[in-house]
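As structure tokens, the structure follows; a few thoughts come after it.
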Amino acid sequence: CETCSKEAAKYRCPRCMKYSCSLLCVKKHKLALSCNGVRDKTAFVSVNEFTDLNLLSDYRFLEDVGRTADAAARHCIVHNPATKRLLYCLRNKARGCNIELKTLPVGFTKRRENSTTFNSVENKFYWHLKLVFPHCHAEYTLKGVPDDKTLADILKPYIDPVESDPVVCQRLKIYTASPLSDVRILMKIENRNRNSIRYNELDASRSLLDNLKGKVIIEYPTLFVVLKTLKNDMVVLGQ
């Protein structure tokens, strides 16, 4: 048993392949490794280890994907004229601002989450926005963020030592303790190969709209807030 190292192992976790001897040890290993115990159907398997069981698993996985896609395509919202007009309006307005906004089919998580709207009276976007702080493994979702708000003002409630919420400030301590000059705001460049992931560095002093111009956005912007000395493998375009 890889948890207690005392008893002979009886079980093997389908997810992380750890050996356990009892239900208690199974629960302990799930808690310690944040493991859900569900086999990863998309885990990499080398050609040398590929068996008929892997082939059958892949075939069933593709069948499940097909059924899910078919159910989503039949969903009433897909054929709702009001929904189509709303999405067309959002994409059209974004195109007028030199932003390529792409929407996903019904059934995708980002499509379901997205709350971005366009106010025709104010001629302004109110964005659904996700902030990711990778050094603290923290994510925050903002709704109704006006496009004329600067990135610095958007981040103040999170990393400003004075204006941030005490609970958030404690969780993001590594950011609040660092000088603002070390903070970088990155956005992943879409439509690139998985082995060539690059990021655009945004200007915190400019508005959200100015930073999004010339970018491809899938549903809504996701901003990665990193520290200059710790961004490691997050490569900025051109570097």
Side-chain angles (χ1 to χ4, degrees), residues 1-73 75 102 104-114 130-141 167-168 170-175 184 186-199 218-227 229-236 239:
C1 176
E2 295 184 53
T3 303
C4 68
S5 302
K6 295 178 181 178
E7 302 292 334
K10 298 179 182 177
Y11 314 106
R12 192 176 190 184
C13 177
R15 182 78 179 188
C16 62
M17 311 306 283
K18 295 285 185 183
Y19 287 101
S20 303
C21 66
S22 62
L23 180 60
L24 180 62
C25 283
V26 169
K27 290 181 177 179
K28 282 183 179 179
H29 112 263
K30 286 184 178 180
L31 187 62
L33 302 177
S34 299
C35 176
N36 59 12
V38 179
R39 184 175 64 84
D40 184 4
K41 297 178 182 179
T42 61
F44 174 77
V45 179
S46 66
V47 174
N48 295 334
E49 298 174 349
F50 202 83
T51 64
D52 290 343
L53 287 176
N54 297 117
L55 179 63
L56 182 61
S57 174
D58 286 354
Y59 181 76
R60 288 175 176 170
F61 174 70
L62 291 175
E63 281 188 323
D64 290 341
V65 171
R67 280 193 293 269
T68 304
D70 184 60
H75 200 285
K102 295 186 176 183
L104 298 170
V106 172
F108 281 75
T109 303
K110 291 188 75 172
R111 172 88 292 272
R112 186 171 61 250
E113 291 175 343
N114 194 2
K130 180 177 285 189
L131 298 178
V132 180
F133 298 85
H135 307 315
C136 297
H137 304 288
E139 292 185 3
Y140 297 95
T141 299
V167 177
V168 175
Q170 182 62 29
R171 186 177 184 187
L172 304 179
K173 193 173 181 179
I174 189 173
Y175 291 92
R184 298 286 185 269
L186 308 180
M187 190 168 82
K188 183 181 175 183
I189 301 175
E190 304 293 350
N191 299 335
R192 289 182 67 93
N193 293 332
R194 288 184 62 85
N195 61 351
S196 180
I197 296 175
R198 294 292 183 270
Y199 296 83
I218 298 179
E219 288 293 346
Y220 54 80
T222 298
L223 307 185
F224 295 85
V225 186
V226 300
L227 297 176
T229 54
L230 298 176
K231 62 187 181 71
N232 299 333
D233 58 338
M234 302 181 75
V235 182
V236 176
Q239 291 184 344

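Keep in mind that this is a model prediction, so the values were computed, not measured.
- Residues R184 and Y199 are not in side-chain contact: their nearest non-hydrogen atoms beyond the backbone lie 4.5 Å or more apart.
- For residues 104-114, the pairs satisfying side chain to side chain donor-acceptor pair (under 3.5 Å) are R111-E219, E113-Y220, N114-T116, N114-E219, with sequence neighbours left out.
- Residues satisfying the side-chain contact (heavy atoms from CB on, under 4.5 Å) criterion with T51, sequence neighbours excluded, are L53, N54.
- I218 and E190 make their closest contact through CD1-OE1, 3.6 Å (heavy atoms, listed as atom of the first residue, atom of the second, distance).
- K188 meets the salt bridge (Lys or Arg N to Asp or Glu O under 4.0 Å) test with no other residue; sequence neighbours excluded.
- Every residue meeting the side-chain hydrogen bond (donor to acceptor under 3.5 Å, both in side chains) condition with D40, not counting sequence neighbours, appears here in chain and number order: T42.
- Here the NE2-OH distance, from H29 to Y11, works out to 13.5 Å after rounding to the nearest 0.5 Å.
- The minimum heavy-atom distance between M187 and L223, with the atom names listed, is SD-CD2, 4.0 Å.
- When all heavy atoms of Y175 and V225 are compared, the closest pair comes out as OH-O, 2.7 Å.
- Between T3 atom OG1 and L33 atom CG the span is 8.0 Å, to the nearest 0.5 Å.
- The salt bridge (Lys or Arg N to Asp or Glu O under 4.0 Å) check on E139 picks up K130, with sequence neighbours excluded.
- In terms of heavy atoms, L227 sits closest to I174 at CD1-O, 3.7 Å.
- In terms of heavy-atom proximity, K30 sits nearest to G37 at CE-CA, 4.0 Å.
- Applying the salt bridge (Lys or Arg N to Asp or Glu O under 4.0 Å) test to D58 and every residue at least two apart in sequence or in another chain returns nothing.
- Remark: E49 engages V45, S46 in a side-chain contact (heavy atoms from CB on, under 4.5 Å) (not counting sequence neighbours).
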List, one per line, each side-chain donor-acceptor pair under 3.5 Å for residues 15-28, sequence neighbours excluded.
{"unit_1": "R15", "atom_1": "NH1", "unit_2": "V38", "atom_2": "O", "d": "3.3"}
{"unit_1": "Y19", "atom_1": "OH", "unit_2": "R12", "atom_2": "NH1", "d": "3.3"}
{"unit_1": "S22", "atom_1": "OG", "unit_2": "C25", "atom_2": "N", "d": "3.4"}

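- By the side-chain contact (heavy atoms from CB on, under 4.5 Å) test, K41 is found to be paired with R39, F61, D64, residues two or more places apart in sequence or in another chain being considered.
- S34 pairs by the side-chain hydrogen bond (donor to acceptor under 3.5 Å, both in side chains) definition with nothing, not counting sequence neighbours.
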